[in-house]
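Data first, discussion second: the structure below is written as structure tokens.
By convention in this document, chain letters (A, B, ...) are assigned in the order of the sequence lines, proteins followed by strands, and residues within each chain are numbered from 1.
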Protein chains: 2
Amino acid sequence: MDETAALKAIPMFSSMDEQELAGLRKVMEAKRFLPGQIIIREGEEGAYFYVLMAGVVQYLTADAEGKEIVLDEAGPGSFFGELSMLTGEKRLVRVRAKGDVDTLSLDRQEFHKFLIGHPHAAIDVLTAISRRL
Amino acid sequence: MDETAALKAIPMFSSMDEQELAGLRKVMEAKRFLPGQIIIREGEEGAYFYVLMAGVVQYLTADAEGKEIVLDEAGPGSFFGELSMLTGEKRLVRVRAKGDVDTLSLDRQEFHKFLIGHPHAAIDVLTAISRRL
Ligand SMILES: Nc1ncnc2c1ncn2[C@@H]1O[C@@H]2COP(=O)(O)O[C@H]2[C@H]1O
Ligand SMILES: Nc1ncnc2c1ncn2[C@@H]1O[C@@H]2COP(=O)(O)O[C@H]2[C@H]1O
């Protein structure tokens, strides 16, 4: 499966046609992570929105004694890093690659452009965030 | 100030022109609430999204002993009831009128239509929800 077909298979991008997907792919940057590598560090400024193309990530936080707690895990087709893109606040939680991980990422400006141009995708993001509350 | 001007003053609707605002107002239903009246009951099916036009509301939950806790208060221009519209889940918290309250509401279908037609507003909703996390 080529990359635009893989994007199309993700609910958030499913209403986009070939041409739109190719355009989106062009502004996305591929980033690979090794098992255990930190993708997002809590407390940092956010610069990217990530779509998980392959592998599993863990969302992590720390308890009162600083011990790591796994909040959740997510697999291919999920996305993360949208919160600080939207609010301008610091990253809320740590995101770590569980095994080998492939992502495609959008910077803040491209993420906003994408949401404004694709209301169905914006609603998918809205729904996913709402479920985290 | 007439009602469409009042809507225009709300950030979420500020990018809409006169004609769009008039169209939106037509599908919104005005609902008034008396001091202390429950607008949204936690655990119920959600049917409406509310925009607060006048007055103050309280977001409420209960502690382990069932004692009421005020999570937050919100004034004119804020909105609530979007979560269950988006996720299809039950209402998460109780919303109560603190004094006299005027709202304009959209039913589920009109809310979705509105978000799809107005990506800037969808991003305002996204940002507001993100801040609650
Ligand atoms: N429970 C959670 N709270 C906050 N962020 C979460 C949670 N679960 C997953 N995440 C994701 O982890 C990301 C960390 O960076 P952001 O705060 O930009 O955006 C966050 C969300 O995409
Ligand atoms: N901390 C909060 N958690 C959940 N909902 C909240 C919170 N603060 C305000 N609300 C609003 O209260 C509403 C109750 O109905 P909904 O769950 O549909 O949508 C909810 C939000 O709009």
Side-chain angles (χ1 to χ4, degrees), chain A residues 11-16 20 24 40 42-43 45-50 59-61 69 71-72 74 78-95 106-133, chain B residues 11-16 20 24 40 42-43 45-50 59-61 69 71-72 74 78-95 106-133:
Chain A
M12 186 181 174
F13 304 117
S14 61
S15 65
M16 294 168 74
E20 286 182 300
L24 175 68
I40 284 180
E42 68 277 27
E45 295 285 347
Y48 293 99
F49 166 76
Y50 295 86
Y59 300 117
L60 305 158
T61 189
I69 299 170
L71 293 169
D72 208 356
S78 45
F79 57 82
F80 52 89
E82 76 292 345
L83 292 181
S84 58
M85 294 299 99
L86 293 163
T87 62
E89 282 160 31
K90 303 276 156 80
R91 299 292 197 184
L92 285 181
V93 307
R94 188 183 310 170
V95 184
L106 284 174
D107 67 22
R108 187 184 296 264
Q109 199 192 335
E110 293 294 348
F111 180 54
H112 276 99
K113 256 178 41 191
F114 166 70
L115 290 180
I116 287 173
H118 302 92
H120 279 280
I123 291 176
D124 277 350
V125 176
L126 253 172
T127 303
I129 296 179
S130 299
R131 285 188 204 284
R132 286 206 189 109
L133 270 171
Chain B
M12 182 180 178
F13 304 118
S14 61
S15 65
M16 295 170 71
E20 284 181 300
L24 175 66
I40 284 180
E42 69 276 26
E45 296 285 347
Y48 293 99
F49 166 74
Y50 294 87
Y59 301 116
L60 305 158
T61 189
I69 298 169
L71 293 169
D72 207 356
S78 44
F79 56 82
F80 52 89
E82 76 292 346
L83 293 181
S84 58
M85 294 300 97
L86 292 162
T87 63
E89 282 161 32
K90 304 276 155 81
R91 298 292 197 184
L92 284 182
V93 307
R94 189 183 309 169
V95 184
L106 284 173
D107 67 24
R108 184 183 298 262
Q109 198 193 336
E110 293 293 348
F111 180 55
H112 276 99
K113 258 183 32 197
F114 166 70
L115 290 179
I116 287 173
H118 301 92
H120 280 280
I123 290 175
D124 277 349
V125 176
L126 254 171
T127 304
I129 296 178
S130 300
R131 285 189 205 285
R132 285 205 192 110
L133 269 171

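- Scanning all heavy atoms of the two residues, the minimum distance from A:L126 to B:A122 falls at CD1-O, 4.0 Å.
- Between B:L115 and A:I123, the shortest heavy-atom distance links the atoms CB-CD1, 3.6 Å.
- When all heavy atoms of A:S130 and B:T87 are compared, the closest pair comes out as CB-CG2, 3.3 Å.
- Ranked by heavy-atom pairs under 4.5 Å with chain B, the list A:H120, A:M85, A:H118 is led by A:H120.
- Here the straight-line distance linking atom CG of B:L83 with atom CD1 of A:I129 works out to 10.5 Å at 0.5 Å rounding.
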